[in-house]
**Student:** 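Dropping the structure in here first, questions after.
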There are 2 protein chains.
Amino acid sequence: MQDPRRTLTLRDVSEASGVSEMTVSRVLRNRGDVSETTRERVLEAARSLGYVPNKIAGALASQRVNLVGVIIPSLSNMVFPEVMTGISDVLEDTGLQPVVGVTNYLPEREEAVLYEMLSWRPSGVILAGLEHTEASHAMLAQAGIPVVEIMDIDGSPVDSAVGISHRRAGRQMAEAIIAAGYRRIAFLGTQMPHDHRAKKRLEGFEEALAKAGLTLADREFYSGGSALLKGREMTEAILRRSPEVDFIYYSNDMIGAGGLLYCLDQGIDVPGKIGLAGFNGVELLDGLPRRLATMDACRLEIGRAAAEIISGKRPGGQIGGEIIELTPTLDLGDTIRKP
Amino acid sequence: MQDPRRTLTLRDVSEASGVSEMTVSRVLRNRGDVSETTRERVLEAARSLGYVPNKIAGALASQRVNLVGVIIPSLSNMVFPEVMTGISDVLEDTGLQPVVGVTNYLPEREEAVLYEMLSWRPSGVILAGLEHTEASHAMLAQAGIPVVEIMDIDGSPVDSAVGISHRRAGRQMAEAIIAAGYRRIAFLGTQMPHDHRAKKRLEGFEEALAKAGLTLADREFYSGGSALLKGREMTEAILRRSPEVDFIYYSNDMIGAGGLLYCLDQGIDVPGKIGLAGFNGVELLDGLPRRLATMDACRLEIGRAAAEIISGKRPGGQIGGEIIELTPTLDLGDTIRKP
DNA sequence: GAAGCGGCTGTTAGCGGTAACATAGCGCGA
DNA sequence: TCGCGCTATGTTACCGCTAACAGCCGCTTC
């Protein structure tokens, strides 16, 4: 092998194969006409040297970067990995590569991550939510690249947006619950000041309750810890405090599952005595003893659509400023009694 | 605001603030002496223009890139997000930034991701496992940067390694199971030809069984689908097929949890009639009706240690070639009867 | 009062590629 | 035979930033 002290450059390959650096560059990028013999000679030289191109130099020279920044709040709840899958699927054969940044639901963190990403001059940015700091907004507007805000469409996007209306999702769930005859309804959610989507769902939910002349019978917010365990504990707390409650709406499926397990443990009749519903449609639920009512958030589809916009593969061939609203489907599962 | 058509450069800031580009560069990187007045004038100009430095150019000029490549098989099982947390925690205040690549347990995919990453000339690479393609090995060896292989230490690393011995973990679990008096032991795992760690655990497990004069009473491999649901279904299948089985060892906690839920559903006495154990110590388990026996994989700690090696923050101040073996703790939970 | 020094700023020359243009052969029709 | 158009390759000038070094100024120091 070669001297491993210095890192290889085009020049090394060019010398090893007896052609100019330019020709090597052309071969390695499959661009321009190169004769078959030269091509093979160059590839052979590159391979045997173990040459890895320097994209930093390439990007600087060509003013083109095949990176797409993806900024999401968290990786630990199953929802974003699935969005990522959708994005990767589509980007796979476009030459574009996703780069992930995580904000932990902190706006300042998002700002920092965004700054860091933009400093690599990506070809596009996908980020969760419509709420950002003023500085983030300014950066996005100035960047001069496609920006897709995902998950949510209740608000005004910088450029494009793909998501569902969480307010409407909350409303729909409330309507289904009321239609099933439940009246003393409680809410159990995460204490995340910056989870705007959960907040919008709750708003929509209460809106629909109000329209039916109802208000939340009880509510509880938790933070930290294992969602499943919290779901158990908080459900117990609510039922102890407000025994009259006949329905609990959870802000996500994980705590909902915890609540469900608790009820089953206690021998509480679900959905007879008490109904339960979550949000998200996580695959996990499939293995539970009973199927929790939920509403899927179209995560895979959101990821796919966002990636299509970034890569210019949208059917219509639009340039940007597109807003795509997906419609989540309500799944009553086994935890809302049938009307 | 400025004309958003052209992207800003140091020159724009330099003109706006009346000093040379070099001075601007110094201010923005906090390097070298700059007078307080100049510094403020420059920062003000940069801020009002909305200037975002171009790291591509910076990296090329300085031959320094503050990126660390992290290559992992999957994001959808809770294990890697936790490793990522450990890595981010440590990298946070080193100026280094993790960049994630996912391989889906495919060696060729790993090779491609690695190539892509190395072409950005990162300051270091962290990747899961000790098994890589020949080409990947060559690239890692040539890269001239710190490489840390994580999760596993049963094998020989390219440079440094941090992890646990999965073979030993399997052995230990088998010993605990045998000590508890179980004799007709079955295994239920994922059908992943490239999950070497799961394979090593099974090998260690069978080794210990053999030492006690036992062999697996039954075994089953699954692939795809919801792990929880599969755990249910496959457990049912095994128990139907081999009713004499008195213990099932699962390759991960998720299918273990599915199995546990199935047994409880069926009113099977756990751990009396049948014992169960998984692997990983996922937080999820905390919410289950009964605590599944498991063995934690030290994920957070692995991430932290790997990041420390990369960033040169290891206590000893070693340069590389370090092998750190962590010892997982066995948690008998409620699903192995006490001897 | 000349030399020396430290703080601040500017100049120059790349980093490793690529775009755009230039050039060297070669076959071919007029 | 000449010149045209084509293909295959080379040359040049950057991309935006930073390392290294140079210069300038005011102030000690002897």
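Quick note on labels: first sequence line is chain A, next is B, and so on, each numbered from 1. Just the heavy atoms: all of them, side chains too, but no hydrogens, waters or symmetry mates, feed the values below.
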**Student:** Let's see if you get this right: which residues in residues 9-21 of chain B place a heavy atom under 4.0 Å from DNA chain D?
**Tutor:** B:Thr9, B:Leu10
**Student:** A:Ser160: which residues meet the side chain to side chain donor-acceptor pair (under 3.5 Å) condition with it, sequence neighbours left out?
**Tutor:** none
**Student:** Got a second to check how far A:Asn54's CG is from B:Ser119's OG, nearest 0.5 Å?
**Tutor:** 8.0 Å
**Student:** Return whichever of B:Ala57 or B:Thr23 has its heavy-atom-nearest nucleotide of DNA chain C closer to the 5' end.
**Tutor:** B:Thr23
**Student:** Name all residues meeting the salt bridge (Lys or Arg N to Asp or Glu O under 4.0 Å) criterion together with A:Glu325; count only those two or more places apart in sequence or in a different chain, and write none if there are none.
**Tutor:** A:Arg168
**Student:** Between atom NE2 of B:His194 and atom OH of B:Tyr105, what is the distance when rounded to the nearest 0.5 Å?
**Tutor:** 12.0 Å
**Student:** Which is the 5'-most and which the 3'-most nucleotide of DNA chain D that has an atom under 4.0 Å from a heavy atom of chain A?
**Tutor:** D:dA8 to D:dG16
**Student:** Name every residue in residues 24-44 of chain A that has at least one heavy atom under 4.0 Å from any atom of DNA chain D, in order of residue number, or write none if there are no such residues.
**Tutor:** A:Arg26, A:Asp33, A:Val34, A:Ser35, A:Thr38
**Student:** Mark yes or no for whether B:Arg26, through its side chain, and B:Arg31, through its backbone, hold a donor-acceptor pair below 3.5 Å.
**Tutor:** no
**Student:** Quick one, which residues of residues 114-124 of chain B touch DNA chain D with a heavy atom under 4.0 Å?
**Tutor:** none
**Student:** Could you tell me whether the side chains of A:Arg29 and A:Ser25 share a donor-acceptor contact shorter than 3.5 Å?
**Tutor:** yes
**Student:** Starting at atom CZ of A:Arg64, determine the distance to atom P of C:dT18, rounded to an integer number of angstrom.
**Tutor:** 10 Å
**Student:** Which pair of heavy atoms, one from A:Ile164 and one from A:Ala297, lies closest together, and at what distance?
**Tutor:** CG2-O, 4.1 Å
**Student:** Which distance, rounded to the nearest 0.5 Å, do you find between the CG of B:Leu91 and the CD of B:Gln97?
**Tutor:** 8.5 Å
**Student:** Where is the tightest heavy-atom contact between B:Ser14 and B:Ser20, given as atom of each residue plus distance?
**Tutor:** CB-C, 3.9 Å
**Student:** Would you tell me whether B:Thr133 and B:Ser136 have side-chain atoms, one donor and one acceptor, within less than 3.5 Å of each other?
**Tutor:** yes
**Student:** For residues A:Gly163 and A:Ile302, report the shortest heavy-atom separation together with the two atoms involved.
**Tutor:** CA-CD1, 3.8 Å
**Student:** Got a salt bridge between B:Arg47 and B:Glu44, using NZ or NE/NH1/NH2 to carboxylate O under 4.0 Å?
**Tutor:** yes
**Student:** State plainly whether the residues B:Lys313 and B:Glu308 are in salt-bridge range, i.e. N to O under 4.0 Å.
**Tutor:** no
**Student:** What integer distance in Å separates B:Leu60:CG from C:dG14:C1'?
**Tutor:** 9 Å
